[in-house]
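Read the structure below first, then the notes.
To find a chain, count down the sequence lines: A is the first, B the second, and so on, and within it residues start at 1.
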2 protein chains.
Amino acid sequence: MGDYPVRLTTKGRYAVTAMLDLAFHSQIKPVTLTDIAARQTISLSYLEQLFARLRRANMVKGTRGPGGGYMLANAAGDINIADIIAAVDEPLDATKCGGEANCQNEKACLTHDLWMGLSDQIRDYLKGITLGQLLEKHRVQEIAKRQDHDAHQVVELHRHSELVSSFNDLL
Amino acid sequence: MGDYPVRLTTKGRYAVTAMLDLAFHSQIKPVTLTDIAARQTISLSYLEQLFARLRRANMVKGTRGPGGGYMLANAAGDINIADIIAAVDEPLDATKCGGEANCQNEKACLTHDLWMGLSDQIRDYLKGITLGQLLEKHRVQEIAKRQDHDAHQVVELHRHSELVSSFNDLL
DNA sequence: ACTTAACCTAGCAAAATAGTCAACTTTTAT
DNA sequence: ATAAAAGTTGACTATTTTGCTAGGTTAAGT
């Protein structure tokens, strides 16, 4: 599937966090990066860097002028986590053996293939999680919390059995 | 669950790759870091750094002297990917709002909680995948490939290397 | 004794991360 | 028309992480 392994870094976390903030607040009108920066304590200029990539990846739309700001390019339910992370992360192949048949060392490529397979698993998993799902789950959780103050309900998007089964189908 | 978010970096990939190599080759006798370094094209000293952490996390056992090397501390089926990554990665809390009730900004913590929930999901997912599973999956795939290969042409590649034969006899 | 290999320590260069600063352009309200 | 709000761009800096080099010490096998 993917040519390069998935990376889960603070950069991706910033991007997902910002996109979540955007999904949450841009329901009615565009949200400025200044607002997101203030809410999420991320520097404005760093956000600008991230959103430049997100815009180029067609994940957000910016409108200029007073009353402007950013909105999601698609419905929150159509934006998945894997795409957000891919948008802000450099490809950075890290194949080492070129990925071609030029790799003579079978053993070396063995673990490489295993890791790439695992990486694809994680990517598929993240592709199955959307901003909409996260918000919806949180909304449900909030309602539950309001109804039962002490009930600490764990957010569970996918069932674990689903993950394992999808894992078993691959490789 | 976890106090800090999961990170999927090249460091973690190196660790998992090395552990996979170890799981694959240390069935009979200990494996030296020099061997792993050669096979996986990772520098010996970097491996030493990683294995120092893995050893402190009780994931591998080292034996000194000639004929020594590293072995898995537990069965490959009992070592999961999440623990390997956690062992080599710095905690680095990145909570920003302390995780306590001292965070006055509800909206800021909203996305923070959402990300932490997602992070826990990923961790659970990785906890469900063991080195043993990865090796087993690969073995099944290899056997299938070999059978397919044998069906088309008679095997003559045994002489090619002891790599293939030793590979097929494992697990 | 000698060798092998784990184990330890310090330092270092390159890269990635996170952020700053400044000078823009475009849109829109007045 | 003009000013304000907001996005756009590029260059620049500081810090951290990464991956590695070089040098040791310690334990165990021959």
### Query
Are B:L20 and B:V140 connected, step by step, through hydrophobic side chains (Ile, Leu, Val, Met, Phe, Trp, Tyr) whose heavy atoms are closer than 4.5 Å?
no

### Message
Just N and O in the side chain of B:T32: are any of them under 4.0 Å from OP1 or OP2 of C:dT4?
### Response
no

### Query
Under 4.0 Å between a side-chain N or O of A:R13 and OP1 or OP2 of C:dA18?
no

#### Entry: A:F24 with A:M71, same ILVMFWY side-chain cluster at under 4.5 Å
no

### Query
Can you tell me how far C1' of D:dT18 sits from CD1 of B:I42, to the nearest Å?
13 Å

### Query
Does any N or O in the side chain of A:S26 come within less than 3.5 Å of the main-chain N or O of A:K29, such that one atom is a donor and the other an acceptor?
no

### Task
May I have the distance from B:Y14 (atom OH) to D:dT17 (atom C1'), rounded to whole angstrom?
13 Å

### Message
Can you pull out every ring-ring contact (aromatic ring centres under 6.0 Å, His included) where at least one residue sits in residues 54-90 of chain A? Sequence neighbours excluded, please.
### Response
A:F51-A:Y70

### Task
Give B:L44 one of three labels, base, sugar-phosphate or nothing, depending on what nucleic acid heavy atoms sit under 4.0 Å from its own.
nothing

### Message
How many whole angstroms separate atom CZ of B:F51 from atom C1' of C:dT9?
### Response
20 Å

### Query
So how far is it from A:Q121 CD to A:L126 CG, rounded to the nearest 0.5 Å?
11.5 Å

#### Entry: Set of side chain to side chain contact (heavy atoms under 4.5 Å, CB included) partners for A:A52, sequence neighbours left out
A:R55, A:R56

### Query
Between C:dA16 atom C1' and B:K11 atom NZ, what is the distance in whole Å?
14 Å

### Message
Strictly by salt bridge (charged side-chain N to carboxylate O under 4.0 Å, His left out), give each pair with a member in residues 58-82 of chain B just once, sequence neighbours left out.
### Response
none

### Message
Can you see if the side chain of B:Y46 gets near the phosphate of D:dG19 - specifically, an N or O under 4.0 Å from OP1 or OP2?
### Response
yes

### For B:D83, side-chain hydrogen bond (donor to acceptor under 3.5 Å, both in side chains) partners two or more places apart
B:N80, B:K127

### Task
Calculate, to the nearest 0.5 Å, the distance between atoms CD and OH belonging to B:Q40 and B:Y46 respectively.
14.5 Å

### Query
How many Å lie between CG on B:D89 and P on C:dT17, as a whole number?
13 Å

### Summary
Atom NZ of B:K61 and atom C1' of C:dA5 are separated, to the nearest Å, by 17 Å

### Query
Near DNA chain C, under 4.0 Å by heavy atom, which residues of residues 64-74 of chain A?
A:R64, A:G65, A:P66

### Message
Tell me the interatomic distance from A:R53, atom CZ, to D:dT8, atom P, rounded to whole angstroms.
### Response
15 Å

### Query
At under 4.0 Å between heavy atoms, what does B:T34 touch on the DNA or RNA strands: base, sugar-phosphate, or nothing?
nothing

### Query
Taking atom C1' of D:dA6 as reference, at what distance in whole Å does atom CD1 of A:I36 sit?
13 Å

### Query
Can you give one letter per nucleotide of nucleotides 9-14 of chain D, going 5' to 3': B for a protein heavy atom under 4.0 Å from the base, S for sugar-phosphate only, - for none?
B-----

